[in-house]
Amino acid sequence: HPLELFPGCTVTLLLFDRVKNAAALRKKAMEGSIEGALINPAMIVDPFQILVATNKAVHLHKIGKMKTRTLYAEIIFSLSPNNNISDAFKKFGISDNDTAVLIVLVEDREKTVNVEDVASQVEGQQVSLDELPELTDTAKVKKMYKITPQEEKIGTLLDSIVCRMSTKDVL
Amino acid sequence: MAAAEAAVSGVCSAMARAGGPAIDEPGPAGAAMDEPGPAGAAMDEPGPAGAAMDEPGPAGAAMAEAGPAGPAMDEPEAEAGAAGPVVAEAEAPPPALPGLRLVKQGAEARVYRGLFLGRLAVAKLRIPKRYRHPALEERLSRRRTAQEARSLLRCRRAGILAPAVYFVDYVTNSIYLEDIVDSVTVQDHINSLQQSGDDTSLLILAEKMGELLARMHDEDLIHGDLTTSNILLRPPTEKLDLVLIDFGLSFISGLPEDKGVDLYVLEKAFLSIHPDTETMFKALLKTYAATSKKSGPVIKRLDAVRLRGRKRSMIG
């Protein structure tokens, strides 16, 4: 997926199921030895959600106004509806006993990412993104983003989520 | 120099106070304080002359003592920075989005349609007003963009149909929204209904509008620019799903005065754009009064506001 506002930038999403080494992966991500953002797919309803978060993260990175220290951490933070970084990691990042992992890779002209390299570090089965809806925990998502019942009538869950993500810093 | 500095800091703090509540970027004021040279160039000239000067860069360079500090002044905002060295550039370039085409140019902003991350979106880019002082311009632009984003979120939370916000860019003060595909403005719809002579549909539409506004005002949200071209009908048109757009002048207020003024703006726009719609607007107000819990004082204020305005005698 290319990011239109940032020519030359592309986003790659990899979904893995039946993952056995979630704990090890999380440690590697914390150290920064994995070139990607490790996200809990239960909190994601659609790839568009990730793209919006990534777009915002890349934008902030380019103007030097990120709230976290790395681009990948910023992507995870952008997914959260509130401004608490550690909370964002807890809810949207992967935990030690997760069995599914969504990895987000960002490439631009200066930096390319080796997909096989990243994929080989995961002890699990790579599956198509179409399986994402099955892994989504809708109730948990609604609770996390505090979606009101009248909101559900006027738009999709995805619309509400994206709205909250993009206006989080103004409210 | 000391006198100039004192004058600068005096004026700067006055400006800071005026912009008080909405300051989220001390950048411009802060930068102006740090470099008294260029700021001095901007402040020494009284109001109108200062405003007429729209290139702080070269003006700063013109001041002898400012010399090195002037052109080297690092403005955190990209726009001001670009405006500095490039004197000829009149406006910011359109965003590099595929299939982006200009849809409309209003007084406030340019509206583009295009694809954003694979979805049809509308991009609103605020037009910088060159007659304004750059620091004020930046602050105002940012405030309006933030207000728009905030109001859109508030609408969504309350269950009022409004476009979803995809991305807000505080650097260029642009906002990327959901595109309501194949929508019709209420203005066009009313015109077509009037042409076909469909009066019952007009009344039903008016009732729907009254209901929508009542819900919005009950959330203490003031639109600020209510016209029939700022309300859209989402397809299918028969369902009369009304979508509010263009919240650039919106704000939060519980005062009946502000709500009354909001309704008055709509009334004026309504009656001037659509002839013979007095009954329609009456129906709108009736539904408004019925739906809104706090409508009593608002309607009273509306009557009071009507007595003000143009060509009105202020008697009684």
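All values below come from the heavy atoms of this structure, side chains included, with hydrogens, waters and symmetry mates left out. Chain naming here is simple, since letters A, B, ... match the order of the sequence lines and numbering starts at 1 in each.
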Requested in this report: For the pair A/His59 and B/Phe167, name the ring-plane relationship: parallel under 30°, tilted 30 to 60°, perpendicular over 60°.
Outcome: perpendicular
Contact origin within [X] toward chain B - heavy atom pairs under 4.5 Å:
X: A/Leu51; answer: both
X: A/Ser160; answer: both
X: A/Ile50; answer: neither

Query raised in the report: Hey, does the side chain of A/Ser166 reach the backbone of B/Val165 with a donor-acceptor pair shorter than 3.5 angstrom?
Result: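 Yes, because the side chain of A/Ser166 sits within donor-acceptor range (under 3.5 Å) of the backbone of B/Val165.
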Query raised in the report: Do side-chain atoms of B/Glu178 reach the backbone of B/Ala164 as a donor and acceptor pair under 3.5 angstrom?
Result: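 Yes, the answer is positive, given that a donor and an acceptor are paired below the 3.5 Å cut-off.
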Query raised in the report: In terms of heavy-atom proximity below 4.5 Å to chain A, should B/Ile160 be classed as side chain, backbone, both, or neither?
Result: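 When you check distances to chain A, only backbone atoms of B/Ile160 fall under 4.5 Å.
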Report task. Please step through side chain to side chain donor-acceptor pair (under 3.5 Å) for the pair A/Thr148 and A/Glu151, ending with a clear verdict. Result -> CA-CA 5 Å; A/Thr148 63; A/Glu151 243 184 288; 3.3 Å; yes
